[in-house]
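Here's the structure we're looking at; comments come further down.
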Amino acid sequence: MEKSSSSSSLGPLGLDIAQSFFKPIQHAAPPSRTKRHAKISVIGAGNVGMAIAQTILTQGLIDEIALVDVNPDKLRGEMLDLQHGAAFLPRTKIVASVDYSVTAGSDLCIVTAGARQGSGESRLSLVQRNVKLFSRIVPQLARYSPDTILLIVTNPVDVLTYVAWKLSGFPSNRVIGSGTNLDSSRFRFLIADHLDVSAQDVQAFIVGEHGDSSVAIWSSISVGGVPLLSFLENQQIVFTKETLENIHKEVIASAYEVISLKAYTSWAIGYSVASLARTILRDQRRVHPVSILAKGFYSIDGDEVFLSLPVQLGRSGVLGVANVHLTYEEAHRLRDSAKIIAEVQSQLNVTNLVLSDNNSSIAS
(Lines give C-alpha, C1' and ligand atoms only; values in the text may rest on other atoms or scores of the structure.)
Protein backbone atom coordinates (compact mmCIF):
# COMPACT_ATOMS: atom_id res chain seq x y z
CA MET A 1 0.00 0.00 0.00
CA GLU A 2 1.32 3.46 -0.89
CA LYS A 3 2.08 5.62 2.12
CA SER A 4 -0.27 8.58 2.48
CA SER A 5 1.27 12.01 2.08
CA SER A 6 0.71 12.86 5.76
CA SER A 7 2.22 9.71 7.25
CA SER A 8 5.74 11.10 7.63
CA SER A 9 5.20 14.87 7.72
CA LEU A 10 4.38 17.37 10.42
CA GLY A 11 2.99 20.88 10.05
CA PRO A 12 1.99 22.98 7.05
CA LEU A 13 5.51 22.94 5.64
CA GLY A 14 5.37 19.14 5.40
CA LEU A 15 8.59 18.61 7.38
CA ASP A 16 9.67 15.04 6.66
CA ILE A 17 10.90 13.49 9.93
CA ALA A 18 10.85 9.78 8.99
CA GLN A 19 14.43 9.89 7.70
CA SER A 20 15.82 12.04 10.54
CA PHE A 21 14.18 10.37 13.52
CA PHE A 22 16.23 7.20 13.01
CA LYS A 23 19.87 6.99 12.00
CA PRO A 24 19.91 4.53 9.06
CA ILE A 25 22.01 1.37 8.86
CA GLN A 26 24.75 1.65 6.25
CA HIS A 27 25.09 -1.02 3.54
CA ALA A 28 21.93 -2.80 4.74
CA ALA A 29 20.61 -5.73 2.74
CA PRO A 30 17.03 -5.39 1.44
CA PRO A 31 14.26 -7.57 2.88
CA SER A 32 13.84 -11.00 1.36
CA ARG A 33 11.10 -11.36 -1.24
CA THR A 34 7.65 -11.45 0.30
CA LYS A 35 6.16 -14.92 0.43
CA ARG A 36 3.05 -16.34 2.01
CA HIS A 37 4.77 -19.22 3.80
CA ALA A 38 6.41 -17.91 7.00
CA LYS A 39 8.91 -20.17 8.77
CA ILE A 40 10.92 -19.91 11.97
CA SER A 41 13.62 -22.30 13.14
CA VAL A 42 14.58 -22.63 16.81
CA ILE A 43 18.02 -24.08 17.52
CA GLY A 44 18.13 -25.66 20.96
CA ALA A 45 15.22 -27.53 22.53
CA GLY A 46 16.03 -26.68 26.12
CA ASN A 47 13.87 -24.67 28.52
CA VAL A 48 14.48 -21.36 26.74
CA GLY A 49 14.09 -22.71 23.22
CA MET A 50 10.85 -24.47 24.01
CA ALA A 51 9.39 -21.46 25.85
CA ILE A 52 10.10 -19.40 22.73
CA ALA A 53 8.63 -22.03 20.40
CA GLN A 54 5.50 -22.44 22.52
CA THR A 55 4.90 -18.69 22.74
CA ILE A 56 5.37 -18.21 19.00
CA LEU A 57 2.94 -21.05 18.25
CA THR A 58 0.17 -19.44 20.31
CA GLN A 59 0.46 -16.20 18.31
CA GLY A 60 -0.53 -17.62 14.93
CA LEU A 61 2.51 -15.86 13.52
CA ILE A 62 3.92 -18.54 11.22
CA ASP A 63 3.03 -21.44 8.95
CA GLU A 64 5.93 -23.69 9.99
CA ILE A 65 8.33 -24.05 12.89
CA ALA A 66 11.43 -26.25 12.83
CA LEU A 67 13.22 -27.44 15.97
CA VAL A 68 16.87 -28.54 16.00
CA ASP A 69 18.78 -30.13 18.89
CA VAL A 70 21.59 -32.63 19.40
CA ASN A 71 19.44 -34.89 21.59
CA PRO A 72 17.13 -36.81 19.21
CA ASP A 73 14.91 -38.33 21.92
CA LYS A 74 14.34 -35.04 23.73
CA LEU A 75 13.75 -33.36 20.39
CA ARG A 76 11.15 -35.87 19.22
CA GLY A 77 9.41 -35.74 22.58
CA GLU A 78 9.12 -31.95 22.44
CA MET A 79 7.88 -32.07 18.85
CA LEU A 80 5.19 -34.65 19.67
CA ASP A 81 4.12 -32.77 22.78
CA LEU A 82 3.54 -29.62 20.71
CA GLN A 83 1.86 -31.51 17.86
CA HIS A 84 -0.59 -33.11 20.29
CA GLY A 85 -1.85 -29.65 21.16
CA ALA A 86 -2.65 -28.83 17.51
CA ALA A 87 -6.39 -28.69 18.17
CA PHE A 88 -5.86 -25.78 20.55
CA LEU A 89 -3.38 -23.81 18.42
CA PRO A 90 -3.45 -21.87 15.15
CA ARG A 91 -2.61 -24.28 12.32
CA THR A 92 1.19 -24.58 12.13
CA LYS A 93 3.41 -27.30 10.73
CA ILE A 94 5.80 -28.50 13.47
CA VAL A 95 8.92 -30.39 12.41
CA ALA A 96 12.13 -31.40 14.20
CA SER A 97 15.47 -32.96 13.34
CA VAL A 98 19.10 -33.18 14.39
CA ASP A 99 19.89 -32.36 10.72
CA TYR A 100 20.03 -28.66 9.87
CA SER A 101 18.43 -29.27 6.48
CA VAL A 102 15.09 -29.08 8.32
CA THR A 103 15.72 -25.32 8.72
CA ALA A 104 15.86 -24.67 4.96
CA GLY A 105 13.94 -21.61 3.83
CA SER A 106 13.59 -20.06 7.29
CA ASP A 107 12.66 -16.39 7.52
CA LEU A 108 14.03 -16.22 11.05
CA CYS A 109 16.51 -18.51 12.84
CA ILE A 110 16.53 -18.23 16.64
CA VAL A 111 19.61 -19.68 18.34
CA THR A 112 19.24 -20.67 22.00
CA ALA A 113 21.71 -23.59 22.06
CA GLY A 114 24.72 -23.16 24.31
CA ALA A 115 27.00 -24.76 26.84
CA ARG A 116 26.20 -24.28 30.52
CA GLN A 117 28.75 -22.78 32.86
CA GLY A 118 30.48 -25.46 34.89
CA SER A 119 31.32 -25.18 38.57
CA GLY A 120 34.35 -22.92 38.95
CA GLU A 121 34.51 -22.27 35.19
CA SER A 122 35.50 -18.76 34.13
CA ARG A 123 33.23 -16.68 31.95
CA LEU A 124 35.91 -16.57 29.25
CA SER A 125 36.15 -20.37 29.20
CA LEU A 126 32.36 -20.61 28.79
CA VAL A 127 32.46 -18.06 25.96
CA GLN A 128 35.20 -19.99 24.16
CA ARG A 129 33.19 -23.24 24.38
CA ASN A 130 30.12 -21.51 22.98
CA VAL A 131 32.17 -19.96 20.17
CA LYS A 132 33.20 -23.47 19.10
CA LEU A 133 29.57 -24.57 19.30
CA PHE A 134 28.49 -21.63 17.14
CA SER A 135 31.12 -22.53 14.55
CA ARG A 136 29.10 -25.72 13.97
CA ILE A 137 25.66 -24.08 14.09
CA VAL A 138 25.81 -20.74 12.28
CA PRO A 139 27.40 -21.81 8.97
CA GLN A 140 24.72 -24.51 8.63
CA LEU A 141 21.94 -21.99 9.14
CA ALA A 142 23.52 -19.62 6.60
CA ARG A 143 23.88 -22.50 4.14
CA TYR A 144 20.25 -23.65 4.26
CA SER A 145 18.66 -20.20 4.69
CA PRO A 146 20.95 -17.62 3.05
CA ASP A 147 18.29 -14.88 3.27
CA THR A 148 17.31 -15.50 6.88
CA ILE A 149 17.61 -13.18 9.86
CA LEU A 150 19.64 -14.57 12.77
CA LEU A 151 18.31 -13.86 16.26
CA ILE A 152 20.81 -14.90 18.92
CA VAL A 153 19.61 -15.64 22.46
CA THR A 154 22.50 -17.72 23.86
CA ASN A 155 24.56 -15.97 26.54
CA PRO A 156 26.78 -14.04 26.66
CA VAL A 157 24.50 -12.74 23.95
CA ASP A 158 26.43 -9.64 22.83
CA VAL A 159 29.69 -11.47 22.20
CA LEU A 160 27.97 -14.45 20.58
CA THR A 161 25.93 -12.19 18.29
CA TYR A 162 29.24 -10.72 17.09
CA VAL A 163 30.54 -14.28 16.59
CA ALA A 164 27.39 -15.23 14.63
CA TRP A 165 27.81 -12.16 12.43
CA LYS A 166 31.41 -13.10 11.61
CA LEU A 167 30.59 -16.77 10.99
CA SER A 168 27.53 -16.11 8.84
CA GLY A 169 28.99 -13.46 6.57
CA PHE A 170 25.56 -11.75 6.67
CA PRO A 171 25.04 -7.97 6.51
CA SER A 172 24.93 -6.63 10.07
CA ASN A 173 21.25 -5.67 9.82
CA ARG A 174 20.35 -9.37 9.57
CA VAL A 175 22.17 -10.46 12.75
CA ILE A 176 20.49 -9.44 16.00
CA GLY A 177 20.90 -10.39 19.64
CA SER A 178 17.98 -10.52 22.08
CA GLY A 179 20.12 -8.18 24.18
CA THR A 180 18.41 -6.03 26.80
CA ASN A 181 14.88 -6.44 25.46
CA LEU A 182 14.08 -8.58 28.51
CA ASP A 183 16.12 -6.35 30.86
CA SER A 184 14.01 -3.41 29.68
CA SER A 185 10.83 -5.37 30.36
CA ARG A 186 12.04 -6.08 33.89
CA PHE A 187 12.90 -2.38 34.26
CA ARG A 188 9.44 -1.33 33.07
CA PHE A 189 7.81 -3.82 35.44
CA LEU A 190 9.71 -2.51 38.46
CA ILE A 191 8.89 1.13 37.64
CA ALA A 192 5.24 0.21 37.02
CA ASP A 193 5.16 -1.68 40.31
CA HIS A 194 6.46 1.38 42.16
CA LEU A 195 3.86 3.63 40.53
CA ASP A 196 0.97 1.11 40.46
CA VAL A 197 0.42 1.43 36.70
CA SER A 198 0.52 -0.99 33.77
CA ALA A 199 4.01 -1.84 32.54
CA GLN A 200 2.71 -1.24 29.00
CA ASP A 201 2.30 2.45 29.88
CA VAL A 202 5.94 2.75 30.93
CA GLN A 203 8.46 3.68 28.23
CA ALA A 204 11.97 2.85 29.46
CA PHE A 205 15.16 1.37 28.08
CA ILE A 206 18.13 -0.54 29.40
CA VAL A 207 20.97 -0.39 26.86
CA GLY A 208 24.55 -1.60 26.56
CA GLU A 209 25.69 -5.04 27.63
CA HIS A 210 23.16 -7.69 28.58
CA GLY A 211 24.94 -8.01 31.90
CA ASP A 212 26.48 -6.12 34.78
CA SER A 213 27.61 -3.09 32.74
CA SER A 214 24.16 -2.38 31.31
CA VAL A 215 22.96 1.24 31.37
CA ALA A 216 19.57 2.47 32.56
CA ILE A 217 18.42 5.46 30.49
CA TRP A 218 16.63 7.33 33.26
CA SER A 219 16.57 10.61 31.34
CA SER A 220 14.14 9.24 28.72
CA ILE A 221 11.65 7.39 30.94
CA SER A 222 8.03 8.35 30.54
CA VAL A 223 4.84 7.04 32.12
CA GLY A 224 1.66 7.57 30.12
CA GLY A 225 3.57 10.08 28.01
CA VAL A 226 4.75 12.07 31.06
CA PRO A 227 8.56 12.35 31.45
CA LEU A 228 9.22 10.76 34.83
CA LEU A 229 12.22 12.67 36.25
CA SER A 230 11.03 16.12 35.19
CA PHE A 231 7.60 15.36 36.66
CA LEU A 232 9.16 14.39 40.01
CA GLU A 233 11.22 17.58 40.01
CA ASN A 234 8.28 19.80 39.07
CA GLN A 235 6.18 18.22 41.82
CA GLN A 236 9.10 18.65 44.22
CA ILE A 237 9.04 14.93 44.98
CA VAL A 238 12.35 14.03 46.55
CA PHE A 239 14.29 11.17 45.03
CA THR A 240 17.96 10.26 45.25
CA LYS A 241 20.41 8.88 42.72
CA GLU A 242 20.83 5.91 45.06
CA THR A 243 17.11 5.10 44.73
CA LEU A 244 17.42 5.00 40.96
CA GLU A 245 20.59 2.90 41.09
CA ASN A 246 18.90 0.39 43.39
CA ILE A 247 16.11 -0.16 40.86
CA HIS A 248 18.72 -0.76 38.14
CA LYS A 249 20.60 -3.17 40.39
CA GLU A 250 17.35 -5.03 40.97
CA VAL A 251 16.98 -5.41 37.18
CA ILE A 252 20.49 -6.90 36.93
CA ALA A 253 19.83 -9.24 39.85
CA SER A 254 16.45 -10.41 38.54
CA ALA A 255 17.74 -13.24 36.36
CA TYR A 256 20.07 -14.47 39.10
CA GLU A 257 17.15 -14.59 41.55
CA VAL A 258 14.97 -16.60 39.16
CA ILE A 259 17.83 -19.02 38.46
CA SER A 260 18.50 -19.46 42.18
CA LEU A 261 14.83 -20.32 42.74
CA LYS A 262 13.96 -22.52 39.72
CA ALA A 263 17.42 -23.26 38.21
CA TYR A 264 16.75 -21.47 34.90
CA THR A 265 14.78 -18.66 33.26
CA SER A 266 12.32 -19.44 30.48
CA TRP A 267 8.91 -17.77 30.32
CA ALA A 268 9.95 -14.12 30.27
CA ILE A 269 12.65 -14.69 27.64
CA GLY A 270 10.07 -16.70 25.67
CA TYR A 271 7.67 -13.74 25.64
CA SER A 272 10.53 -11.33 24.86
CA VAL A 273 11.86 -13.24 21.85
CA ALA A 274 8.37 -13.99 20.52
CA SER A 275 7.70 -10.25 20.62
CA LEU A 276 10.84 -9.64 18.55
CA ALA A 277 9.80 -12.34 16.08
CA ARG A 278 6.39 -10.74 15.63
CA THR A 279 7.88 -7.28 15.07
CA ILE A 280 10.29 -8.63 12.46
CA LEU A 281 8.03 -10.98 10.50
CA ARG A 282 5.02 -8.65 10.55
CA ASP A 283 7.21 -5.64 9.64
CA GLN A 284 5.76 -3.72 12.57
CA ARG A 285 8.70 -1.27 12.77
CA ARG A 286 8.55 -1.13 16.54
CA VAL A 287 11.49 0.03 18.64
CA HIS A 288 13.20 -2.63 20.77
CA PRO A 289 16.47 -2.49 22.74
CA VAL A 290 18.38 -5.31 21.05
CA SER A 291 22.02 -6.14 20.40
CA ILE A 292 23.31 -4.84 17.06
CA LEU A 293 26.61 -3.73 15.54
CA ALA A 294 27.01 -0.51 17.52
CA LYS A 295 30.00 1.04 15.78
CA GLY A 296 29.12 4.51 14.54
CA PHE A 297 26.20 5.05 16.90
CA TYR A 298 26.22 7.13 20.10
CA SER A 299 29.94 7.92 19.57
CA ILE A 300 30.91 4.25 19.86
CA ASP A 301 33.95 3.99 17.61
CA GLY A 302 36.94 1.70 17.23
CA ASP A 303 36.10 -1.94 17.86
CA GLU A 304 33.24 -3.75 16.15
CA VAL A 305 31.07 -4.61 19.12
CA PHE A 306 27.48 -5.71 19.43
CA LEU A 307 25.46 -4.22 22.28
CA SER A 308 21.90 -3.13 22.85
CA LEU A 309 20.57 0.16 21.51
CA PRO A 310 16.97 1.30 20.90
CA VAL A 311 16.46 -0.11 17.42
CA GLN A 312 13.64 -0.01 14.88
CA LEU A 313 13.00 -3.55 13.62
CA GLY A 314 11.15 -4.75 10.55
CA ARG A 315 11.10 -7.36 7.81
CA SER A 316 14.72 -6.76 6.81
CA GLY A 317 15.94 -6.87 10.41
CA VAL A 318 17.49 -3.68 11.78
CA LEU A 319 16.00 -0.64 10.02
CA GLY A 320 17.61 2.10 12.09
CA VAL A 321 18.75 3.24 15.52
CA ALA A 322 16.55 5.66 17.44
CA ASN A 323 18.20 8.97 18.32
CA VAL A 324 17.34 8.84 22.02
CA HIS A 325 18.86 11.68 24.01
CA LEU A 326 21.44 10.52 26.55
CA THR A 327 22.93 12.55 29.36
CA TYR A 328 26.71 12.87 29.49
CA GLU A 329 26.88 10.23 32.23
CA GLU A 330 24.63 7.79 30.36
CA ALA A 331 26.67 8.17 27.16
CA HIS A 332 29.90 7.66 29.09
CA ARG A 333 28.57 4.50 30.74
CA LEU A 334 27.42 3.18 27.36
CA ARG A 335 30.91 3.61 25.90
CA ASP A 336 32.39 1.91 28.97
CA SER A 337 30.00 -1.01 28.41
CA ALA A 338 31.25 -1.26 24.81
CA LYS A 339 34.86 -1.39 26.04
CA ILE A 340 34.05 -4.27 28.40
CA ILE A 341 32.52 -6.30 25.56
CA ALA A 342 35.44 -5.45 23.25
CA GLU A 343 37.88 -6.73 25.89
CA VAL A 344 36.16 -10.13 25.97
CA GLN A 345 36.09 -10.27 22.17
CA SER A 346 39.80 -9.52 21.97
CA GLN A 347 40.52 -12.78 23.84
CA LEU A 348 38.60 -14.92 21.36
CA ASN A 349 39.89 -16.62 18.22
CA VAL A 350 36.98 -15.72 15.98
CA THR A 351 39.10 -14.82 12.95
CA ASN A 352 40.72 -18.26 12.86
CA LEU A 353 37.30 -19.91 13.19
CA VAL A 354 35.97 -17.91 10.24
CA LEU A 355 39.01 -18.78 8.13
CA SER A 356 38.72 -22.44 9.12
CA ASP A 357 35.04 -22.49 8.16
CA ASN A 358 35.74 -20.80 4.82
CA ASN A 359 38.48 -23.33 4.03
CA SER A 360 36.21 -26.27 4.85
CA SER A 361 33.50 -24.77 2.62
CA ILE A 362 35.97 -24.51 -0.25
CA ALA A 363 37.12 -28.08 0.31
CA SER A 364 33.57 -29.39 0.18
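Residue indices begin at 1 and follow the sequence shown.
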Worksheet item: Does the Glu209 side chain pair with the main chain of Pro156, one donor and one acceptor, at a distance under 3.5 Å?
Response: no
Fill in: side-chain contact (heavy atoms from CB on, under 4.5 Å) partners of Ala253, counting only residues at least two apart
none
Worksheet item: Does a sphere of radius 6.0 Å around CZ in Arg335 hold more than 12 heavy atoms from other residues, nucleotides or ligands, not counting ones at 6.0 Å or beyond?
Response: yes
Discussion item. For the CG atom of Asn323 and the OH atom of Tyr298, what is their distance to the nearest 0.5 Å?
Written reply: 6.0 Å
Discussion item. Donor-acceptor pair, distance only, cut-off 3.5 Å: does the side chain of Ser337 make one with the backbone of Ser213?
Written reply: yes
Worksheet, complete the sentence: So salt bridge (charged side-chain N to carboxylate O under 4.0 Å, His left out) across residues 338-348, not counting sequence neighbours, yields none
Fill in: Lys295 side chain to Asp303 backbone, donor-acceptor under 3.5 Å
no
Worksheet item: According to the salt bridge (charged side-chain N to carboxylate O under 4.0 Å, His left out) rule, which pairs have a member within residues 271-294, sequence neighbours left out?
Response: Asp283-Arg285
Worksheet item: Got more than 12 heavy atoms from elsewhere within 6.0 Å of CD, Gln200?
Response: no
Discussion item. Quick one: does any side-chain atom of Thr112 pair with a main-chain N or O of Ile43 as donor and acceptor, under 3.5 Å?
Written reply: yes
Worksheet, complete the sentence: Taken in chain and number order and not counting sequence neighbours, the residues that satisfy side chain to side chain donor-acceptor pair (under 3.5 Å) with Ser214 are His248
Worksheet item: How many angstroms lie between NZ in Lys249 and CG in Leu190, if you round to the nearest 0.5 Å?
Response: 14.5 Å
Discussion item. Taking Ala51's backbone N and O only, do any of them form a donor-acceptor pair with Thr55's side chain (distance below 3.5 Å, no angle check)?
Written reply: yes
For residues 215-225, dump all side-chain donor-acceptor pairs below 3.5 Å to protein atoms at least two apart in sequence or in another chain.
from, atom 1, to, atom 2, distance (Å)
Ser219, OG, Glu330, OE1, 2.7
Ser219, OG, Glu330, OE2, 3.3
Ser220, OG, Ile217, O, 3.4

Discussion item. Strictly by side chain to side chain donor-acceptor pair (under 3.5 Å), give each pair with a member in residues 172-184 just once, sequence neighbours left out.
Written reply: Thr180-Ser308, Asn181-Ser272, Asn181-His288, Asp183-His210
Practice prompt. Please identify each residue that fulfils side-chain contact (heavy atoms from CB on, under 4.5 Å) with Ile94, with sequence neighbours left out.
Written response: Leu57, Ile65, Met79, Leu82, Gln83
Worksheet entry | Donor-acceptor under 3.5 Å (Lys23 side chain, Gly296 main chain) | yes
Practice prompt. Say whether, by atom type as modelled, one donor and one acceptor occur between the side chain of Thr103 and the main chain of Leu141 under 3.5 angstrom.
Written response: no
Worksheet item: Taking only residues two or more places apart in sequence or in another chain, which ones pass salt bridge (Lys or Arg N to Asp or Glu O under 4.0 Å) with Arg333?
Response: Glu245, Glu329
Worksheet entry | Residue list, side-chain contact (heavy atoms from CB on, under 4.5 Å) with Ala277, at least two apart or on another chain | Ile40, Ile56, Leu61, Leu108
Item to complete: Go through the steps for Leu307 and Leu334 under the test side-chain contact (heavy atoms from CB on, under 4.5 Å), then give the verdict.
Response: CA-CA 9 Å; Leu307 51 72; Leu334 181 60; 4.1 Å; yes
Worksheet entry | Linked hydrophobic residues, Tyr256 as query - side chain contacts closer than 4.5 Å | Ile252
Fill in: Sequence neighbours excluded, every pair satisfying salt bridge (charged side-chain N to carboxylate O under 4.0 Å, His left out) that has a member inside residues 77-106
Lys74-Glu78
Worksheet item: Rounded to the nearest 0.5 Å, how far apart are OG of Ser266 and CD1 of Ile259?
Response: 10.5 Å
Item to complete: With sequence neighbours excluded, give me every salt bridge (charged side-chain N to carboxylate O under 4.0 Å, His left out) pair touching residues 62-71.
Response: Lys39-Glu64
Worksheet item: How long is the gap from CZ on Phe297 to CD1 on Ile292, to the nearest 0.5 Å?
Response: 5.0 Å
Worksheet entry | Donor-acceptor contact below 3.5 Å, side chain His84 vs main chain Leu80 | yes
Worksheet entry | Test item: Ser145 side-chain N/O and Ala142 main-chain N/O as donor-acceptor pair under 3.5 Å | no
Response to the item:
OG (Ser41) and OH (Tyr144) are apart, to the nearest 0.5 Å, by 12.0 Å
